[in-house]
Amino acid sequence: MLDKKVAELLNQQINKEFYSAYLYLDFANFYQSKGLDGFANWYQIQAQEEKDHAMLFYQYLHNNNGTVTLESIDKPDKQFTNLCDPLKAGLEHEEYVTSLIHNLYAAANEVKDFRTMQFLDWFVKEQGEEETNANNLITRFELFGNDPKGLYMLDSELKARVYTAPSLVL
C-alpha cells in the first residue's frame with residue numbers, strides 16, 4: 001500500500017507532467033509562428049514525452065492500488081521576446097521537474113517505499129538526459145542562432161527528430 005504522502009506527490013506529478021506538455025506545446029506554437037518548424041517539432045515531441053510521463057505515473061498509481069485525482073492544468077504564461085527565450089525557459093522547467101522527482105524520491109525513501117524508488121530511478125535518469133539536451137540546445141543556438149544559415153541548419157536538424165516512446169516497465 002502506498003504511503004499517503006507518496007501517493008499525493010505521485011498524483012501531483014501527473015498534473016505537473018501534463019502541464020509540461022502544455023508548456024512545450026506553447027513553445028512549439030511560438031516557433032511555428034516564427035517559421036522555425038524544426039524547433040516546433042522538437043517541442044511537439046517534448047510535449048508527447050511529457051504526456052507519456054504523466055501516463056506512466058497514472059498507471060503506476062493504478063497498479064499499486066492508488067487513487068488518481070486529476071486536477072485542472074494551468075495555462076502556460078511565458079512571454080518570449082527572442083528565439084532563445086523558450087530554450088532557456090525549457091532548461092529552467094526541466095530543472096524544476098528534476099527537483100520534483102527528487103522530492104518524490106526522498107519521500108519514498110523516507111518511508112522505505114522501495115518499489116516507488118525503483119519506479120522513480122528511470123525518471124531520475126531521464127531528467128539528467130532532459131537537462132543535458134536542454135543545455136546542449138542552448139549552447140548550439142548561441143553558437144549558430146545569430147547566423148541565418150546556421151539557424152537554418154539547426155532548425156533542419158531539429159525537424160528530423162522523431163518520437164520514441166519510453167521503455168519503462170511498470
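What you see below is based on every heavy atom in this structure, not just the backbone, and it leaves out hydrogens, waters and symmetry mates.
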Apply salt bridge (charged side-chain N to carboxylate O under 4.0 Å, His left out) to [X] and list each qualifying residue two or more places apart in sequence or on a separate chain.
| X | answer |
| --- | --- |
| Arg140 | Glu157 |
| Glu92 | Lys78 |
| Glu94 | none |
| Lys149 | none |

Qualifying residues under side-chain hydrogen bond (donor to acceptor under 3.5 Å, both in side chains), relative to [X], sequence neighbours excluded:
| X | value |
| --- | --- |
| Thr116 | Tyr60, Asp113 |
| Gln79 | none |
| Gln44 | none |
| Gln13 | Glu17 |

* Tell me, please, which residues at least two apart from Phe144 pass ring pair (Phe, Tyr, Trp, His ring centres under 6.0 Å). =>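 Result, ring pair (Phe, Tyr, Trp, His ring centres under 6.0 Å) vs Phe144: none returned.
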* Asked: Do the non-hydrogen side-chain atoms of Tyr22 and Asp74 ever get within less than 4.5 Å of each other?
  -> no
* 4.5 Å side-chain heavy-atom contact, Leu137 and Leu91 ->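 A side-chain contact is absent here, since even the closest heavy-atom pair is not under 4.5 Å.
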* To do: Indicate yes or no for a side-chain donor-acceptor contact from Asp3 to the backbone of Lys5 under 3.5 Å, with no hydrogens or angles considered.
  =>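 It does hold such a pair.
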* Quick one: which residue pairs count as a side-chain hydrogen bond (donor to acceptor under 3.5 Å, both in side chains) with a foot in residues 28-39, not counting sequence neighbours? => Gln32-Asp37
* Inter-residue atom distance Leu23.CG - Tyr43.OH, 0.5 Å rounding ->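 Going from the CG atom of Leu23 to the OH atom of Tyr43 covers 9.0 Å.
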* Between atom CD of Gln46 and atom NE2 of His93, what is the distance when rounded to the nearest 0.5 Å? -> 10.0 Å
* **side chain to side chain contact (heavy atoms under 4.5 Å, CB included) involving Asn136 - partner list, sequence neighbours excluded** => Thr132
* Under the side chain to side chain contact (heavy atoms under 4.5 Å, CB included) test, residues paired with Glu8 that sit two or more places apart -> Gln12
